[in-house]
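To find a chain, count down the sequence lines: A is the first, B the second, and so on, and within it residues start at 1. Atom set for the values below is all heavy atoms of this structure, side chains included, hydrogens, waters and symmetry mates excluded.
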Amino acid sequence: MNTALSWIKAYVPGLACSDQEYCDAMTLSGTKVENYARLDKNLEKIVVGQIEKIEKHPDADKLIVCQVNIGSEVIQIVTGAPNVKEGDKVPVVLDGGKVAGGHDGGPMPEEGISIKAGKLRGVESKGMMCSIEELGSDRNMYPEAPEMGIYIFPGDVQVGADAVQVLGMRDTVFEYEITSNRVDCYSVLGIAREAAATFRKPFVPPVVEVKENDEDVNDYISVEVQDPDLCTRYCARVCTNIRIAPSPAWMQERLRASGIRPINNLVDITNYVMEEYGQPMHAFDLDTVAGHKIIVRRAKDGDEFQTLDEQMRKLDKDILMICDGEKEIGIAGIMGGENSKITDNVKTVLFEAATFNGPNIRKSAKRLGLRTDASGKFEKGLDPHNAKDAINRACQLIQELGCGEVVKGMVDVCQPMKEKVRIKFEPERINDLLGTDVSEEDMLDIFKMLEIEYDEQAGELIAPTYRQDLLCCADIAEEVARFFGYDKIPTTLPNGEATAGKLSYKLRIEQKARDIAEYCGFSQGMNYSFESPKVFDKLLLPEDSPLRKAIVIANPLGEDFSIMRTISLNGMLASLATNYNRRNKDVRLYELGNIYLPDQFPLTELPDERMQFTLGMYGDGDFYTMKGVVEEFFESIGMKKKTTYDPESGKTFLHPGRQADIVYDGRKVGYLGEVHPIVCRNYDIGTKVYVAVLDMPLIVERATFDRKYEGIAKYPAVSRDISMVVPGNILAGQIEAMIEQRGGKILESYQLFDIYEGEQIKDGFKSVAYSIVFRAKDRTLEENDITGAMKKILNGLESLGIELRQ
Amino acid sequence: MKERLEQIKAEALRQIQGSDALDKLNEIRINYLGKKGELTAVLKGMKDVAAEDRPKVGQMVNDVRGEIERVLEEAKVKMENAVLEERMKRETIDVTLPAEKKRIGHRHPNTIALEEVERIFIGMGYEVVEGPEIETDYYNFEALNIPADHPAKDEQDTFFINGDFLLRTQTSGTQVHEMEKGKLPIRMIAPGRVFRSDEVDATHSPSFHQIEGLVIDRHITFADLKGTLAEFARELFGEETKVKFRPHHFNFTEPSAEMDVSCFKCGGKGCRFCKGSGWIEILGCGMVHPNVLTMSGIDPQEYSGFAFGVGLERIALLKYEIDDMRLLYENDIRFLRQF
């Protein structure tokens, strides 16, 4: 909301402060000033001058030489402007002055443009005549200004006067951010009331008195509200003998500062009152209202209606319409109809000021795709009392500005008004909530400024009807806080029972995951939770894969963001692809993020949100690098049992020969592998990619931070190396399982130290060598302990078809 | 006899002095102290010495042996040190050659900022908890005093799933989950992902993170809210940071406020960073609305509390001077490596 400070001052006459002081104080009391701008910024030494004589420039066809009377003297100015003639009164910037912009209306330089006396083609020029663009505005705001030329004042302006003042530019425009609970502040009067309370000055609103003629409004119009649930109040008044003309300068200036283009007295008055009272109004040409009758009712499904912007609108039964005796003439609270539009030939005007149901207007405007200034105000839910005040103010202005006559009386169809809200006044509770010590008297002073009444007998505060946000003690406490000053409230720390600060267990495990991933060279990425349904095909998921059953967003930003991910790989591969595409080498990324698994469709309960620890890499490293990261992580969170790997994991998006489920304690807790080359191609990654995905809920269940010291071995270890020729289909995991199974209590560890396929080894076989370490906790091992254990191991290995090499 | 010993000693010391290698020293040791060495020979000749002189001569022989051994050892250590010196001279390296580094990965700037915030609040006795990202209308709106038909529901541009389910637009629902557990007092922060249907640009993302804070106890005041958040701001942005609370409106708090911090770039003088105002808007906060307490089963006559919500990306962008929010979700390693 933009408003000239002069308009606020008109209702708070005692207000005296700098622009910055006003900005700071208003913001601190809750009416936030977004920014403010002086209209006369960079306008210096500009006066009204009158052209007395025009001659041709001796050396330039397109220039003229003017003698301009600036009150104190006559100066010579050379100009190229085509539109001036002798006798014209124009804005003149004098030597050493400044203008805001260039004549073309382009972006304005921060410091303005300095003007100096000089010679143009050899002829002296002691100043410059200005266009409206050079004065920092435009023809939209000053429609009377000529296109491409010098601004020309009306004849009655005094020569030598301050031109900036005459144009109404000695003012500052403030832009406010009004919060949605303060509907009353979407108006000049609302802000003025806040300003008065902020600066503790009297609030002097306009006195509304309407001079009416002797006719009776009921002879002109009748109103019937058929759907009172959507229209709490409908006020109608009639003005006759309308004379369309420009509105006075003061009204134009205020409208311009609010960003509203002046049009004519009638339109300007409705806009002016909308700004001043925050109450949108509509004016109908009464001669177009059939039967001189207004009916307020819902539209029918499928109806069509042409709004005054000449667009056809499709209606439905939840849209409220304003109708006359025969037809629809306006969409209530949103936009009037083409068929009842005011023209310059209007004789009699019907004013409407109504209160419509806020949520209904909001939804209707949304469905129609038509949000207007009016609907923006109605949707917040207006105070029905305001409608009457606003319509009377409009009629007063019609009469005072000589725009027409006001017919006596008002048609007012009004539902019973809600009773004023009463709130128990509990000063102690207010101080308890704020941590302050404000006296009861000071609180009552604040309420008085805000027009909150105090019923001393009942001990209750009565909120004014326009303050729909005041409902309970906490609301009252905020009023006290705002005007006592948020900055004056002390700063303390809560005392009371001490609590232990900590991360949840799950978050501690995630922190460990980050530490290990980073230690292993992986950097953390973040991806969106929603993605495209096309990812399932990109990942080669089978048609019947349960992962394809994803939660769909009803109103997504687009198909690419339309489903909640059921697998974390797409984000990882897309990120790796970005890096690959940008030629980044050796990239390792990890992500901790949820997937969303629905229980059934349609959703009847919240989906299972499962945190996934996803690692991905290309460049340096391979499958076993990835496997190493997984095992480092498990060790760091106390998962010390043997992790096994099942190659039969059946992941379509991984290389069929290079994938495994990660099995811990008999449970699949994740998977890893090389990404299928076709999937890589789908993501435009031209190199091998390795990924691992761990399902964190399963990991968290198995992790522990408990640690126990197991002693350091006192007795020596004995190691034995074995070398084997192993059939190609036997996995290292099987050999290790056998070693563990047969090694007995004295088996301490084993380590693969050589694996070889090729020359010297027969086809279909590989050479594998392990070093096995034995140790007893309580004694030095004897030779026969070792040979016994080794024999069992070797026998076991032979049963797998393994030959021992000597 | 004595002269002979003196002679041997003098000769041995002379030879030691003259040696330039360890094996020469060894040779000298054998020649003088070995089984067939000169001193041994002297001892062998003891039988010719008068019996009463023998202890005296024996003593003399031992003294000479001791002296030769000492000088030999000294010479040996000196020679070994010289060799070591020589070797170390050859071993000199170029210390300015590049380091060999293990390439450690980097945390996401969001996480760095989050951990910083967590550290501060954990220190003040807050527990870090989480809530669901897909929520019901009740927890995201209704229980937060945003009834059906309230314009705030539109303001937040919610992604809906169907019927009652939606992607949470704020972490504030976690407040309700925590309060419903019925364990008081509460001091918690709840970081997490939230979603709003904003198109992606330099300052908007349809998915971002918030950190919710909630304190519920007896006698919690607005002054406590101010004190706590001022402390937080000083910890996060530096001891010199000043804070300013401005009235604002949120449905689930009353009174409500927005907190600005003095610009940490210019110290409050006004710069491009703070758009000349000297202040940067950092979070929204307020006293928990009595309706919210009541709906969550807490008696507002007995308990009060405050809540706040911080945009994590906003903190990360400000603190690390990142000028485009899209960078946070691109995962370009050249970006991530800078944190």
Side-chain angles (χ1 to χ4, degrees), chain A residues 27-28 30 32 179-181 359 362 379 433-435 472 474-475 477-478 481-482 486 489-494 496-504 507 514 517-519 521-526 528-529 551 553-555 557 561 575 578-579 582 584 587-589 594 596 602-603 606-607 609, chain B residues 103-108 110-111 121-130 132-134 149 151-152 154 159-162 165 185 187 193 197 199 206-207 215 217-218 220-224 226-228 230 245-249 254-255 257 287 289-290 304 328-334 336-337:
Chain A
T27 299
L28 266 187
K32 189 183 177 194
T179 53
S180 62
N181 60 328
R362 180 168 55 91
E379 68 179 34
L433 189 67
L434 298 177
C472 66
D475 298 322
E478 183 171 80
R482 289 201 299 132
Y486 272 38
I489 295 174
T491 53
T492 54
L493 288 175
E497 198 181 317
T499 47
K502 61 186 178 197
L503 286 178
S504 70
L507 290 172
R514 289 197 289 268
E518 285 158 26
Y519 175 75
F522 290 76
S523 292
Q524 186 182 14
M526 285 193 185
Y528 288 152
S529 307
I551 295 166
I553 299 169
N555 56 335
L557 280 184
F561 305 109
S575 300
T578 301
N579 280 284
R582 295 176 184 177
N584 296 333
V587 173
R588 296 183 177 190
L589 293 174
N594 282 333
Y596 309 83
L603 231 47
L606 292 179
E609 294 181 13
Chain B
R103 258 231 157 140
I104 292 192
H106 297 255
R107 261 178 175 59
H108 195 282
N110 275 352
T111 309
F121 282 105
I122 287 174
M124 293 197 267
Y126 289 60
E127 189 174 354
V128 185
V129 300
E130 290 176 294
E133 293 170 8
I134 296 183
D149 279 346
D154 271 4
F159 286 119
F160 291 99
I161 292 168
N162 59 24
F165 299 97
R187 283 181 192 175
R193 239 170 229 235
S197 57
E199 293 287 347
S207 161
V215 171
D217 204 345
R218 290 188 176 89
I220 295 292
T221 66
F222 194 88
D224 295 336
K226 278 184 71 179
T228 302
F245 291 84
R246 288 179 284 104
H248 199 70
H249 169 65
E254 188 76 29
M287 301 304 292
H289 197 291
S304 57
L328 296 173
Y329 291 92
E330 259 184 359
N331 305 326
D332 188 320
I333 198 77
R334 294 167 300 176
L336 296 173
R337 276 187 189 140

Q: Looking at B:Pro132, B:Gly123, B:Ala257, which one has more heavy-atom pairs under 4.5 Å with chain A than the rest?
A: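 Looking at each option in turn, the highest pair count goes to B:Pro132.
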
Q: I'd like to know if the side chain of A:Gln524 and the backbone of B:His108 have a donor-acceptor N/O pair within less than 3.5 Å.
A: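 At least one qualifying donor-acceptor pair exists.
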
Q: Below 4.5 Å, heavy-atom pairs only: which of A:Ser529, A:Ser523, A:Ala517, A:Pro602 has the largest tally toward chain B?
A: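 When all of A:Ser529, A:Ser523, A:Ala517, A:Pro602 are compared, A:Ser523 has the most.
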
Q: Please look at A:Tyr528 and chain B and tell me whether the side chain, the backbone, both or neither of the residue comes under 4.5 angstrom of a heavy atom of that chain.
A: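 Both parts, backbone and side chain.
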
Q: When you measure from the side chain of B:Glu254 to the backbone N and O of A:Glu478, does any donor-acceptor pair fall under 3.5 Å?
A: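 Side chain of B:Glu254 to backbone of A:Glu478, a donor-acceptor pair under 3.5 Å: no, none is there.
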
Q: Please look at A:Asp475 and chain B and tell me whether the side chain, the backbone, both or neither of the residue comes under 4.5 angstrom of a heavy atom of that chain.
A: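 Both backbone and side chain of A:Asp475 come within 4.5 Å of chain B.
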
Q: Is A:Arg514 close to B:Arg107 at the side-chain level, that is, under 4.5 Å between some pair of heavy atoms?
A: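 Yes - at least one pair of side-chain heavy atoms lies under 4.5 Å apart.
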
Q: May I ask you to name which of B:Asp217, B:Val129, B:Thr111, B:Ile220 has the most heavy-atom pairs under 4.5 Å with chain A?
A: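 Answer, by heavy-atom pair count under 4.5 Å with chain A: B:Thr111.
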
Q: Heavy-atom cut-off 4.5 Å, strictly under: side chain, backbone, both or neither for A:Leu557 against chain B?
A: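 Looking at A:Leu557, backbone and side chain both touch chain B.
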
Q: Looking at A:Thr491, A:Thr179, A:Asn181, which makes the most heavy-atom pairs under 4.5 Å with chain B?
A: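 Maximum pair count with chain B is reached by A:Asn181.
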
Q: Is the backbone N or O of A:Met526 less than 3.5 Å from a side-chain atom of B:Asn331, with the two atoms forming a donor-acceptor pair by type?
A: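 Yes, the answer is positive, given that a donor and an acceptor are paired below the 3.5 Å cut-off.
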
Q: Would you check if the side chain of B:Lys226 reaches a backbone N or O of A:Ile489 as a donor-acceptor pair within less than 3.5 Å?
A: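 Between the backbone of A:Ile489 and the side chain of B:Lys226 there is a qualifying donor-acceptor contact (under 3.5 Å).
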
Q: Looking at B:Phe160, I want to see if its CZ is surrounded by more than 12 non-hydrogen atoms of other residues, nucleotides or ligands under 6.0 Å.
A: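 Above 12, so yes.
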
Q: Indicate yes or no: at least one non-hydrogen side-chain atom of B:Ser304 is less than 4.5 angstrom from one of A:Leu433.
A: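 A side-chain contact exists here, since the closest heavy-atom pair is under 4.5 Å.
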
Q: For chain B, which of A:Leu589, A:Leu434, A:Asn594 has the most heavy-atom pairs under 4.5 Å?
A: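 Option with the greatest count: A:Leu434.
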
Q: Rounded at 0.5 Å granularity, tell me how far OG1 in A:Thr578 sits from CD1 in B:Ile333.
A: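 Nearest 0.5 Å value for the OG1-CD1 distance: 11.5 Å.
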
Q: Between A:Leu507, A:Asn584, A:Thr27, A:Ile553, which residue shows the highest count of heavy-atom pairs closer than 4.5 Å to chain B?
A: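 Ranked by contacts with chain B, first place is A:Asn584.
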
Q: Taking A:Leu493's backbone N and O only, do any of them form a donor-acceptor pair with B:Thr228's side chain (distance below 3.5 Å, no angle check)?
A: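 No; zero donor-acceptor contacts below 3.5 Å.
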
Q: Hey, what do you get for CG (B:Asp224) to OG1 (A:Thr492), rounding to the nearest 0.5 Å?
A: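 If I round to the nearest 0.5 Å, the distance is 3.5 Å.
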
Q: By a 4.5 Å heavy-atom criterion (distance strictly below it), what part of B:Phe165 contacts chain A: side chain, backbone, both, or neither?
A: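 Side chain only.
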
Q: Under 4.5 Å from any heavy atom of chain A, what part of B:Asn162 do you find: side chain, backbone, both or neither?
A: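 The side chain, not the backbone.
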
Q: If you measure from the Lys or Arg side-chain nitrogens to the Asp or Glu carboxylate oxygens, is any gap between B:Glu330 and A:Arg582 under 4.0 Å?
A: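 Salt bridge between B:Glu330 and A:Arg582, a charged N being under 4.0 Å from a carboxylate O: yes.
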
Q: Side chain, backbone, both or neither: which part of B:Leu336 has an atom under 4.5 Å from a heavy atom of chain A?
A: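 Interface part for B:Leu336: side chain.
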
Q: With a 4.5 Å cut-off on heavy-atom pairs, point out which of B:Pro247, B:Gly125, B:Ser207 contacts chain A the most.
A: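 Looking at each option in turn, the highest pair count goes to B:Pro247.
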
Q: Could you tell me whether A:Lys32 atom NZ has more than 12 heavy atoms of other residues or ligands within 6.0 Å of it?
A: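 Yes, NZ of A:Lys32 has more than 12 neighbouring heavy atoms, counting only those of other groups under 6.0 Å.
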
Q: Determine the option with the most heavy-atom pairs under 4.5 angstrom with chain A, choosing from B:Arg246, B:His248, B:Met124.
A: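 Answer, by heavy-atom pair count under 4.5 Å with chain A: B:Arg246.
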
Q: For B:Phe222 and A:Tyr486, I'd like to know if the aromatic rings sit close, meaning centre-to-centre distance below 6.0 Å.
A: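 Ring centres of A:Tyr486 and B:Phe222 closer than 6.0 Å.
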
Q: Mind checking the CD1-OH spacing from B:Ile161 to A:Tyr596? Nearest 0.5 Å is all I need.
A: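 Result: 9.5 Å between the selected atoms.
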
Q: At a heavy-atom separation under 4.5 Å, does B:Arg103 approach chain A through its side chain, its backbone, both, or neither?
A: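 Contact with chain A is through the backbone of B:Arg103 alone.
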
Q: Hey, does A:Pro494 have a side-chain heavy atom less than 4.5 Å from the side chain of B:Thr221?
A: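 The answer is no; the side chains never approach within 4.5 Å.
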
Q: Taking the side chain as C-beta and beyond, is there a heavy-atom pair between B:Phe159 and A:Asn555 under 4.5 Å?
A: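 Of all side-chain heavy-atom pairs linking A:Asn555 with B:Phe159, at least one is under 4.5 Å.
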
Q: Can you confirm whether B:Ile134 sits close enough to A:Glu609 that some side-chain heavy atom of one is under 4.5 Å from a side-chain heavy atom of the other?
A: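 Heavy-atom side-chain distance check passes, below 4.5 Å.
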
Q: Under a 4.5 Å cutoff for heavy-atom pairs, which residue among A:Gly521, A:Gly30, A:Pro359 has the most contacts with chain B?
A: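 The answer is A:Gly521.
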
